[in-house]
Amino acid sequence: MGDIETAISALTEADTISLSSHVNPDGDSVGSLLGMAMILQGRGKSIYACMPEPLKFPPQYDFLPGRELLADPDNQVKDVDLFIALDCSNRERLGPLQQCAERAARMLNIDHHEDNRLYGDINLVDEHASSTSELVYRVIKAAGWEIDPDVATCLYTGMVTDTGRFEHRNTSPETFAVASELAQAGADISRVIKEVYDSQSLAYTHLMGLALRRIEVIEDLGFAYSFITQRDLAETGATLPETEDLIDHLRSIRGTKVVALFKELADGKIRVSLRSRDAYEIGPVARVMGGGGHAMAAGYTSDNNIEESISDLVQELRKHQA
Ligand code: AMP
Ligand code: MN
Ligand code: MN
């Protein structure tokens, strides 16, 4: 049996199913979570869909259908028949929901990271898929389950955001074919763009101005970076989940090969987002720093302060270049 058929039998056999996105959820993890939740609900399953940190729901995805299905992770039922991890390269990405995942009878891992640790009992992992949302689409299609416009909108959102609006290297002819089928199924494609990219808050726009003015470039490395502190958030009134695509503005600077955005978290740790261009592979750098991700989009969290985190990364980039 192929991976997809195994996944479909697990979904069909289970009555109670928990499903989760990763910590710091992005468009792909939210879209695949809500899309899958609605499909399973429609098939009469008892579902417990949640994100590891509910307060961090990015406001740009507030418009997505299916949000009413999200449960509080504190009330998560542990002894379910099946736990589905979406867009998580390893168990740690489930944050506080790892315990719940361990107590489930079976674990289904659906993901597209090249560094996926195959931690599930069933692993539906394809690093060539544009997004986890695309993999969820493949499962639904292979099972012959009907995709309604709400599910299509969620999965389309995951594809649009993980491919940077079909610009990144993970965009293939297959990606466009699936996007086309989702449009056929009724995905609200103009609303997705309007809500995700053209509805930012004034507070976030001000924060973006701050971060853009601060950009520093280290020319011989082709490296551009900026940072956001907790003080910046307090002063502008913006929130971190809103900043998901700020880093793309750094990547568009001519001459850059790799860019980083350092974001100070409430606990003082620094979340580092990395993006690259051309042939530069940033995933291995993120892994050395204790994180992970794709060739062109990766990240990690540092225990050092912003200044130290910047110099740690510069040092690593120099080694990587040498
Ligand atoms: P971000 O910059 O936070 O949007 O993350 C970019 C990519 O790196 C995403 O594909 C994440 O799944 C991955 N990533 C970020 N942080 C980590 C981490 N600590 N461990 C593994 N993967 C990560
Ligand atoms: Mn993701
Ligand atoms: Mn993804």
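Order of listing sets the numbers, starting from 1, for every ligand and every atom in it.
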**Asked** What atoms in ligand 1 come closer than 4.0 Å to a heavy atom of Ser273?
**Response** 1 (P), 2 (O), 3 (O)
**Message:** Please evaluate residues Glu264 and Arg271 with respect to the criterion salt bridge (charged side-chain N to carboxylate O under 4.0 Å, His left out), reporting the C-alpha separation (whole Å), side-chain torsions for both, the decisive distance (0.1 Å), and the verdict.
**Reply:** CA-CA 6 Å; Glu264 186 184 20; Arg271 193 168 139 226; over 6 Å; no
**Test of proximity, Asp87 against ligand 1: N or O pairs below 3.5 Å** = no
**Request:** Around the Mn ion (ligand 3), list the protein N/O/S atoms within a radius below 2.8 Å, excluding water molecules.
**Result:** Asp28 OD2, Asp87 OD1, His112 NE2, Asp162 OD2
**Item:** Distance-minimising heavy-atom pair for Leu207 and Ala238
**Value:** CD2-CB, 3.9 Å
**Asked** Is the shortest distance from a Lys or Arg side-chain nitrogen in Arg117 or Glu92 to a carboxylate oxygen in the other one below 4.0 Å?
**Response** yes
**Message:** A cation-pi test, strictly: NZ or CZ of Arg165 under 6.0 Å from the centre of the six-membered ring of Tyr197 and no more than 45 degrees from its axis. Yes or no?
**Reply:** yes
**Message:** Would Asp87 and His112 count as a side-chain contact (heavy atoms from CB on, under 4.5 Å) here? Give the steps.
**Reply:** CA-CA 7 Å; Asp87 205 37; His112 67 125; 3.2 Å; yes
**Request:** For side-chain contact (heavy atoms from CB on, under 4.5 Å), just list the numbers for Ser32 and Ser131, CA-CA rounded to whole Å, side-chain angles, deciding distance to a tenth of an Å, and then say yes or no.
**Result:** CA-CA 9 Å; Ser32 56; Ser131 53; over 6 Å; no
**Item:** Side chain, backbone, both or neither: Glu92 near ligand 1, heavy atoms under 4.0 Å
**Value:** neither
**Request:** Tell me, with the steps shown, if Leu34 and Arg67 meet side-chain contact (heavy atoms from CB on, under 4.5 Å).
**Result:** CA-CA 7 Å; Leu34 296 179; Arg67 274 206 60 193; 4.0 Å; yes
**Fill in**
Looking only at non-hydrogen atoms, the one of Gly290, Gly27, Ser131, Gly292 nearest atom 22 (N) of ligand 1 is Gly292
**Asked** Quick one: does ligand 1 sit under 4.0 Å from the side chain of His22, the backbone, both or neither, non-hydrogen atoms only?
**Response** neither
**Request:** Output yes when the distance from some N or O of ligand 1 to some N or O of Arg271 is under 3.5 Å, and no in every other case.
**Result:** yes
**Request:** Return the residue, atom name and 0.1 Å-rounded distance of the protein heavy atom closest to atom 7 (C) of ligand 1.
**Result:** Ala297 O, 3.5 Å
**Request:** Starting from atom 9 (C) of ligand 1, locate the nearest protein heavy atom and write down its residue, its atom name and how far away it is, to 0.1 Å.
**Result:** His113 NE2, 4.1 Å
**Residue His294 vicinity, atoms of ligand 1 by number, heavy atom under 4.0 Å** = 10 (O)
Side-chain atoms of residues 149-159: list all donor-acceptor pairs with protein atoms under 3.5 Å, sequence neighbours left out, distances to 0.1 Å.
unit_1 : atom_1 : unit_2 : atom_2 : d
Thr153 : OG1    : Pro149 : O      : 2.9
Thr153 : OG1    : Asp188 : N      : 3.0
Thr157 : OG1    : Thr153 : O      : 2.8

**Request:** Would you mind running through ligand 1 and noting each atom that sits below 4.0 Å from a heavy atom of Gly291?
**Result:** 18 (C), 19 (N), 20 (N), 21 (C)
**Message:** Looking at every non-hydrogen atom in both residues, tell me the closest pair between Ile110 and Thr132 and how far apart they are.
**Reply:** O-CG2, 3.5 Å
**Fill in**
of all protein heavy atoms, closest to atom 18 (C) of ligand 1 is Arg93 NH1, 3.4 Å
**Prompt:** Yes or no on side-chain contact (heavy atoms from CB on, under 4.5 Å) for Leu124 and Ile4, after CA distance, side-chain angles and deciding distance?
**Reply:** CA-CA 7 Å; Leu124 180 58; Ile4 289 207; 3.7 Å; yes
**Asked** Are Ser276 and Lys257 close enough that a side-chain donor and a side-chain acceptor fall under 3.5 Å?
**Response** no
**Item:** Candidate with minimal heavy-atom separation from atom 5 (O) of ligand 1, of Gly293, Ala298, Cys88, Ala286
**Value:** Ala298
**Message:** So that I can tick it off, tell me whether Asp232 and Lys263 are bridged by a salt bridge, with the cut-off set at under 4.0 angstrom between side-chain N and carboxylate O.
**Reply:** no
**Message:** Test of understanding: given a 4.0 Å heavy-atom threshold, classify the contact between Glu244 and ligand 1 as side chain, backbone, both, or neither.
**Reply:** neither
**Message:** Centroid separation under 6.0 Å, is that true for the rings of Tyr61 and Phe63?
**Reply:** no
**Message:** Please compare Met296, Arg275, Met289 and report which has the shortest non-hydrogen distance to atom 4 (O) of ligand 1.
**Reply:** Arg275
